[in-house]
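Okay, structure first, notes after.
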Amino acid sequence: MKFAVSKQSMTPTQPVFMAGFGGRTRKSEGVLDELYIKTVLLSAGRDLLIVVFDALGADRGFVLGVKEALYERFGLEAADVLLHFTHTHASLHLTGEHSELRRGNYSLGQDSWHEDSSTIDYTEDVVYYRWIRDTVVALVKRCYAELQPGSLKLATGRTRAAISRRRMAEDGVQWAPAPDAEIDDELTVLTLTDEQDQVKAVLFNLGCHPTAMGSDNYLLSSEFVGHACKKLEEERAGEVVVFLQGSAGDLKPRHSVDGDGFKSCTPEEMRAAGDQLAGEVSQALAKGTFVGIEGPFRSMLASIDLNTAPPDELLMASLLSGESGEYYRRAAQRTIMAERSGIVKTKLPLYVQTWMLSERVVLVALESEIPTEYSLKLKRDYPDKLLVVLGYSNGVYSYIPTRKILEEGGYEADHPFTIGFKSRFVQETEELILHEVSRQMDAERLDNQQNR
């Protein structure tokens, strides 16, 4: 097995409109800490590339553009490239040059929220995208030049970083701390070591929204997960530390709990959350039982369509009335405008990617905002495997609810109404995704057996 890692700042040099909170009303006012692009190249039978961005997410056009550039320059197939987003809410949502693939209603160059996305000027976004794309190519070129023999190892532990934000009440789901709700609190740690058994890189994975700070923060930041990376790199000189976001769709930082609700943490409180997380990773590194991963690597990628149910006119009327708040009222108005223009949405494409790193270790990467129940179910479905389950991979567009969330309701179920749909996703959404993961894992297993 061979590997290489590299990183470079992606922090904008001028004020930008930050993505992640609808309550922001102006551009950024400085930098709290750096945003990074980090690349990890792994080679064992085939080359696999992870590119991690300290960004809220990206649309399909951005993902296609970067993957096309990597194929043209290095011959890397789309299935062998994992574009991943830490989902910090103190950064940007990235777009490419494909206007028809944009999520809409956001540009880093805007000064406030637009009601009509057709009025948005994406010039600054495209310039930034081209710089990002070229920077990624340069980082991967460096990785190929610095490939070295070594070992990939994995251990697991537990984390207290996250808590569910879906509290069940008599009148429905409340956006509030739910300490008794079951969540995936597994912490996965991977190390890359050279031939002298010296650690050169650490990758750690858990699920938690990087939203310790709130909409009142106007400083760019990689949030508490980025601070954990920085602290670990300071403690472990010469190593690159990479955070991989898990199934965080309905999870918030435990440090942001304030009684029966959540607060906007100060920068100092955000860093305290990062210090605690860094300590948990250090504990896993020191005391974890590591399993070697030798390959050969296998990869699969597919895009499946998630459909929405028939339009829910009663709910749309309720949203338009303002009963659910100004945020939903404005979103519903945008949807009505889209319907009049003939561009209302009825289906959402979703990438499902699997990497079989060894007979036992499998990485499952799902596009968009994935709730913790997906990770719990996948790990239960494959008890003989060590699964690394990622959300926020190859694009971030919408919350992808489970059947249980669709039945219970709440923000994660109703999110499609805020991005141009007139109804929730169909009840079978969860089964469609889990079936595709199963199909890919079975295909990779059979392919591996035939090539022995």
Side-chain angles (χ1 to χ4, degrees), residues 3-11 31-42 50-55 84-88 90-91 139 143 146 150-162 185-194 196-213 220-246 248 253-255 265 267-291 293 363 388 390 392:
F3 74 92
V5 295
S6 62
K7 74 173 189 176
Q8 182 173 322
S9 171
M10 58 173 279
T11 310
V31 178
L32 185 62
D33 49 73
E34 294 291 326
L35 308 174
Y36 285 99
I37 304 171
K38 299 177 182 179
T39 57
V40 181
L41 181 62
L42 307 171
I50 304 172
V51 185
V52 180
F53 303 90
D54 280 329
H84 186 71
F85 306 90
T86 63
H87 199 54
T88 166
S91 182
L139 288 171
C143 280
E146 297 176 356
S151 300
L152 174 63
K153 303 173 186 177
L154 178 150
T156 59
R158 294 293 165 186
T159 174
R160 284 184 52 79
D185 63 353
E186 188 168 61
L187 170 68
T188 303
V189 178
L190 300 107
T191 60
L192 287 164
T193 58
D194 63 17
Q196 288 71 49
D197 204 32
Q198 295 295 307
V199 177
K200 295 298 181 181
V202 174
L203 292 78
F204 68 95
N205 155 246
L206 71 149
C208 186
H209 256 80
T211 53
M213 299 183 294
L220 293 165
S221 171
S222 54
E223 256 276 352
F224 79 96
V225 293
H227 179 75
C229 291
K230 180 181 178 182
K231 185 174 179 65
L232 287 163
E233 288 181 345
E234 290 172 349
E235 295 173 348
R236 306 172 65 85
E239 300 179 16
V240 176
V241 180
V242 182
F243 168 67
L244 300 176
Q245 182 62 268
R254 192 175 293 269
H255 269 71
C265 291
E268 291 73 25
E269 290 171 327
M270 177 273 288
R271 294 187 183 108
D275 289 343
Q276 177 182 308
L277 178 55
E280 292 172 338
V281 176
S282 293
Q283 182 83 353
L285 287 166
K287 298 185 177 181
T289 301
F290 280 85
V291 174
I293 302 171
L363 183 148
V388 182
L390 308 182
Y392 307 88

Which residues share a side chain to side chain contact (heavy atoms under 4.5 Å, CB included) with Ser6, sequence neighbours left out: Thr39, Leu139, Arg142, Cys143

Minimal non-hydrogen separation, Phe204 against Ala228, with atom names: CZ-CB, 4.2 Å

Straight-line distance of Leu192 CG to Leu203 CG, nearest 0.5 Å: 6.0 Å

Heavy-atom check, side chain of Leu32 versus side chain of Arg271, under 4.5 Å: yes

Leu285 vs Val202 side-chain heavy atoms within contact, under 4.5 Å: yes

Shortest non-hydrogen contact between Pro253 and Ala212, atoms and distance: CG-N, 3.7 Å

Backbone N/O of Cys208 and side chain of Gln245: donor-acceptor pair under 3.5 Å: yes

Glu223 side chain to Met270 backbone, donor-acceptor under 3.5 Å: no

side-chain contact (heavy atoms from CB on, under 4.5 Å) assessment of Thr289 paired with Val291: CA-CA 7 Å; Thr289 301; Val291 174; 5.6 Å; no

Atom pair CZ (Arg236) and OG (Ser282), whose distance is rounded to the nearest 0.5 Å: 6.5 Å

Short side-chain to backbone donor-acceptor contact, Asp185 and Arg158, under 3.5 Å: no

Shortest non-hydrogen separation from Ala248 to Gly207 and the atoms involved: CB-C, 3.8 Å

Test log, rule salt bridge (Lys or Arg N to Asp or Glu O under 4.0 Å), inputs Lys230 and Glu235: CA-CA 9 Å; Lys230 180 181 178 182; Glu235 295 173 348; over 6 Å; no

Between CG on residue Leu152 and CD1 on residue Ile293, distance to nearest 0.5 Å: 4.0 Å

Verdict with supporting geometry, Val281 and Leu232, side-chain contact (heavy atoms from CB on, under 4.5 Å): CA-CA 8 Å; Val281 176; Leu232 287 163; 3.8 Å; yes

Leu154 side chain near Thr188 side chain, heavy-atom distance below 4.5 Å: yes

Rounded distance [0.5 Å steps], OG1 in Thr159 versus CZ in Arg254: 8.5 Å

Phe85: partners by ring pair (Phe, Tyr, Trp, His ring centres under 6.0 Å), with sequence neighbours left out: Phe53

Any donor-acceptor pair under 3.5 Å from Thr88 side chain to Ala55 backbone: no

Lys38 (side chain) donor-acceptor with Val241 (main chain) under 3.5 angstrom: yes

Cation-aromatic face contact Lys153/Phe290, 6.0 Å, 45 degrees: no

Stepwise side-chain contact (heavy atoms from CB on, under 4.5 Å) check, Asn205 with Leu187: CA-CA 6 Å; Asn205 155 246; Leu187 170 68; over 6 Å; no

Gap between atom OG1 of Thr193 and atom CZ of Phe3 - 0.5 Å precision: 6.5 Å

Residues that His87 engages under ring pair (Phe, Tyr, Trp, His ring centres under 6.0 Å), provided they are two or more places apart: His89, His209, Tyr392

Leu363 CG to His84 NE2 distance, which is reported to the nearest 0.5 Å: 9.0 Å

Gln8 side chain to Ile37 backbone, donor-acceptor under 3.5 Å: no

Asp33 side chain vs Ser222 backbone, donor-acceptor pair below 3.5 Å: yes

For the student: nearest non-hydrogen atoms of Ala90 and Leu35, plus distance: O-CD2, 4.4 Å

Audit row: Ile50, Leu244, side-chain contact (heavy atoms from CB on, under 4.5 Å) steps and yes/no: CA-CA 10 Å; Ile50 304 172; Leu244 300 176; 4.3 Å; yes

